[in-house]
Amino acid sequence: MTKNSFFRISLLVLLAIPLLLSAQEKKLKKTLKELDKYYEKALSDWEVPGMAVAIVKDDSVVFAEGYGLLDINGTEEVDANSMFAIASNTKAYTSAALALLVDEGKINWDDRVQEYIPWFQLYDPYVSANMTIRDLLTHRSGLKTFAGDLLWYGSDYDRDEVIRRARFLEPTYDFRTKFGYSNIMYLTAGQIVEAVTDTTWDDFLHYRIFEPLGMERTITTTNELGNFTNVAQPHTEFEDETITIPYLNWDNIAPAGSIISSVNDVAQWIRLQLNNGVYKNDTIFSKKVQREMWSPVTTLPISAGAERLWPSTHLKGYALGWQVYDYLGKKIVTHNGGYDGMISQTVLIPELNMGFVILTNKNASLYYPLQYKTMDMLIGGNDTDWSEMFLKWQKGSEEEEKAQDEEAIPASLPLEDYCGTYGGAIYGDAEVSMKDGKLFIDLLPTKGFESTLEHLNCNAFGIRMEGYPSLPGGTVNFLINEKGEPTELIIDIPNPDFDFGELEFKKKM
């Protein structure tokens with residue numbers, strides 16, 4: 001090739017770059033316009049009051065929109081500054097807080113927990129002594145998913161007391177062998193921040209992450225909500241109607257899920273992540289620790305159904321505060337969050353230097369199809385209408401409850417004989433008493449965990465905690481000994497998040 005030929009080719013390449021960039025910009029604008037219409041329709045189809053979405057590309061927020069209403073009973077509309085609970089998306093922030101301490105040489109990922117919290121104990125002494133910070137962050141403690149969550153949910157136990165009571169939870173798996181999603185282990189990780197820095201986890205995040213990123217509408221406690229306007233209200237489905245429910249304080253589990261934020265603020269967090277820990281030329285954490293946070297540790301199973309739906313996904317794993325998998329040939333770094341009345345999703349696509357966040361204000365699965373539709377549109381290569389598909393499946397799986405015509409067996413004891421205090425080491429006490437001629441139960445550690453017990457059959461009674469409308473109705477079964485005395489009660493409230501059956505309530509004499 002002659003020198004002149006080389007210069008001519010180089011000139012053509014230089015001239016072509018602006019045209020290529022212009023074509024990419026036009027394509028992105030078209031994609032975002034299509035997504036905007038899709039989001040609006042999906043929100044209506046799923047009957048979710050409100051939602052906000054932000055998309056980041058090449059260190060710029062290219063899309064930030066609100067849809068619907070903050071409160072179904074009001075008229076104020078959602079925008080990109082509206083605040084929502086992001087729940088378990090908080091876990092990545094806790095991991096990042098620890099990453100800052102790793103960068104500073106104050107801790108290592110594989111340090112044992114008892115080096116910083118000497119009183120930390122789980123059921124197995126070996127696990128207690130050998131649990132590391134990495135173990136806390138990767139859900140491989142041996143506990144089953146959501147084990148012990150009723151210790152913190154609405155209870156008056158503080159952070160340390162929740163951790164202390166975890167020692168009574170029996171493991172389901174061997175240590176470091178299987179995935180078991182644990183909020184309590186993330187709480188423990190957050191308390192390590194406090195042990196090392198003499199600063200609360202909340203203040204550490206505020207000064208070391210929120211403030212440098214300009215996240216002025218991001219908080220870690222519902223106690224601060226009164227300082228803000230433009231706050232979305234949680235909603236749930238109750239008796240075939242969408243209703244508002246109050247914010248529930250999550251201070252005692254904060255490092256696992258208490259952050260409240262807006263899509264404009266989370267977009268700055270996404271910029272930091274995509275820039276390998278750098279924000280506006282300011283290094284918050286190193287690329288080395290970010291690589292650790294994005295490196296899968298605990299394998300996640302892929303079901304046969306998931307293989308059919310998403311054949312391009314071959315491997316899934318949980319890293320340090322993030323789930324990682326492959327999709328349409330790209331690495332996906334993601335996490336979702338489920339708060340009582342709000343569900344959210346954060347997604348990073350590092351190879352495209354893109355990411356997005358979806359915040360919704362109802363207990364509904366809308367975030368899930370929108371996640372895949374957004375990835376499909378941004379990556380390219382799939383035109384499935386995930387919203388329509390998942391909505392159809394959901395409606396098809398809803399079965400009407402049929403009334404039982406069988407005559408119920410009367411209670412085996414006078415109602416007064418069931419009364420008393422029932423309890424155990426894990427959770428604490430439940431008080432059963434008479435109220436207006438019926439049995440009444442009060443789970444004492446949790447304000448509002450109370451219900452009239454309606455007789456169903458023999459020693460089984462119906463329970464419905466009206467103070468928590470997102471929980472379905474269930475049953476309370478009293479176990480009776482050969483002397484005809486109640487010795488224990490077992491609570492069964494079927495739901496995907498809390499296992500009432502793991503709590504022990506033995507009659508106290």
Side-chain angles (χ1 to χ4, degrees), residues 144-155 165 168-170 172 236-241 243 245 340 363 397-509:
K144 66 181 180 180
T145 291
F146 301 144
D149 275 0
L150 286 166
L151 289 174
W152 60 264
Y153 182 74
S155 79
R165 287 177 175 267
F168 299 116
L169 297 169
E170 294 191 38
T172 300
T236 195
E237 197 78 14
F238 182 70
E239 296 181 350
D240 298 323
E241 181 182 357
I243 64 169
I245 55 177
D340 203 3
N363 285 335
S397 65
E398 293 173 350
E399 297 181 357
E400 294 184 6
E401 294 183 1
K402 297 181 179 179
Q404 297 294 323
D405 295 327
E406 297 179 6
E407 185 175 348
I409 299 173
S412 64
L413 302 173
L415 294 184
E416 292 82 0
D417 288 2
Y418 295 100
C419 293
T421 302
Y422 298 75
I426 296 175
Y427 177 76
D429 293 344
E431 192 74 37
V432 178
S433 60
M434 293 295 297
K435 186 175 181 180
D436 298 328
K438 294 183 177 181
L439 288 179
F440 186 82
I441 189 169
D442 184 357
L443 278 63
L444 300 178
T446 306
K447 185 178 180 180
F449 263 17
E450 55 188 27
S451 172
T452 297
L453 297 181
E454 301 286 352
H455 182 256
L456 297 174
N457 195 26
C458 195
N459 296 305
F461 295 78
I463 181 174
R464 183 64 191 253
M465 297 176 181
E466 295 184 0
Y468 294 81
S470 58
L471 287 174
T475 58
V476 172
N477 282 282
F478 290 88
L479 304 185
I480 311 299
N481 64 17
E482 58 187 16
K483 297 179 181 179
E485 300 168 334
T487 59
E488 185 177 356
L489 66 81
I490 298 173
I491 301 175
D492 180 19
I493 299 178
N495 72 95
D497 298 317
F498 304 106
D499 181 9
F500 283 83
E502 74 178 350
L503 306 183
E504 183 180 68
F505 293 105
K506 291 188 179 295
K507 182 76 176 288
K508 294 187 175 183
M509 301 300 179

Colleague: Restricting to salt bridge (charged side-chain N to carboxylate O under 4.0 Å, His left out), what partner residues turn up for D149, sequence neighbours left out?
Modeller: none
Colleague: Show the nearest heavy-atom pair for residues I409 and N457, with the distance to one decimal.
Modeller: N-OD1, 2.5 Å
Colleague: If you measure from CG on L439 to CG on L415, what distance do you get to the nearest 0.5 Å?
Modeller: 4.5 Å
Colleague: Would you call E450 and I441 a side-chain contact if the rule is heavy atoms closer than 4.5 Å?
Modeller: no
Colleague: Roughly how far, to the nearest 0.5 Å, is the CZ atom of F461 from the CD1 atom of I491?
Modeller: 13.5 Å
Colleague: Can you list everything that forms a side-chain hydrogen bond (donor to acceptor under 3.5 Å, both in side chains) with K438? Sequence neighbours excluded, please.
Modeller: E454
Colleague: Under the salt bridge (charged side-chain N to carboxylate O under 4.0 Å, His left out) test, which residues partner K507, sequence neighbours left out?
Modeller: none
Colleague: Can you tell me how far CE of M465 sits from OG of S451, rounded to the nearest 0.5 angstrom?
Modeller: 6.5 Å
Colleague: So, for S412 and Y418, which heavy atoms are closest and what is the spacing to 0.1 Å?
Modeller: N-OH, 3.5 Å
Colleague: Say you draw a straight line from CG of L503 to CG of L489; how long is it, rounded to the nearest 0.5 Å?
Modeller: 10.0 Å
Colleague: Do F238 and I245 have side-chain heavy atoms sitting under 4.5 Å apart?
Modeller: no
Colleague: Pick from D497, D499, N495: which one makes a side chain to side chain contact (heavy atoms under 4.5 Å, CB included) with F146?
Modeller: D497
Colleague: Got a sec, which residues hit side-chain hydrogen bond (donor to acceptor under 3.5 Å, both in side chains) with T145, two or more places apart in sequence or on another chain?
Modeller: none
Colleague: Below 30° counts as parallel, above 60° as perpendicular, anything between as tilted: where do the rings of Y153 and F498 land?
Modeller: tilted
Colleague: Please give me the minimum heavy-atom distance between G428 and P445, naming the atom from each residue.
Modeller: CA-CG, 4.4 Å
Colleague: Among all residues two or more places apart in sequence or in another chain, which pass the side chain to side chain contact (heavy atoms under 4.5 Å, CB included) test with D417?
Modeller: L413, P414
Colleague: Could you pull out all residues at least two apart from K506 that satisfy salt bridge (charged side-chain N to carboxylate O under 4.0 Å, His left out)?
Modeller: E488
Colleague: List the residues meeting ring-ring contact (aromatic ring centres under 6.0 Å, His included) with F440, not counting sequence neighbours, and say none if there are none.
Modeller: none
Colleague: Quick check: closest heavy atoms across P469 and E466, and the distance to 0.1 Å?
Modeller: CD-O, 3.6 Å
Colleague: Test of understanding: with side-chain hydrogen bond (donor to acceptor under 3.5 Å, both in side chains), list the residues that count as partners of E237, not counting sequence neighbours.
Modeller: T242, K362
Colleague: Tell me every residue that passes ring-ring contact (aromatic ring centres under 6.0 Å, His included) with Y422, counting only those two or more places apart in sequence or in another chain.
Modeller: F478
Colleague: Taking R464 for the side chain and L471 for the main chain, is one N or O donor matched with an acceptor at less than 3.5 Å?
Modeller: yes
Colleague: Applying side-chain hydrogen bond (donor to acceptor under 3.5 Å, both in side chains), which residue pairs with at least one partner in residues 425-437 are found, sequence neighbours left out?
Modeller: T421-E431, Y427-T446, D429-K508
Colleague: Does any pair with a residue in residues 468-481 pass side-chain hydrogen bond (donor to acceptor under 3.5 Å, both in side chains), and if so which ones, sequence neighbours excluded?
Modeller: D340-S470, N481-E485
Colleague: In chain order, what residues pass the side chain to side chain contact (heavy atoms under 4.5 Å, CB included) check against P494, with sequence neighbours excluded?
Modeller: D492
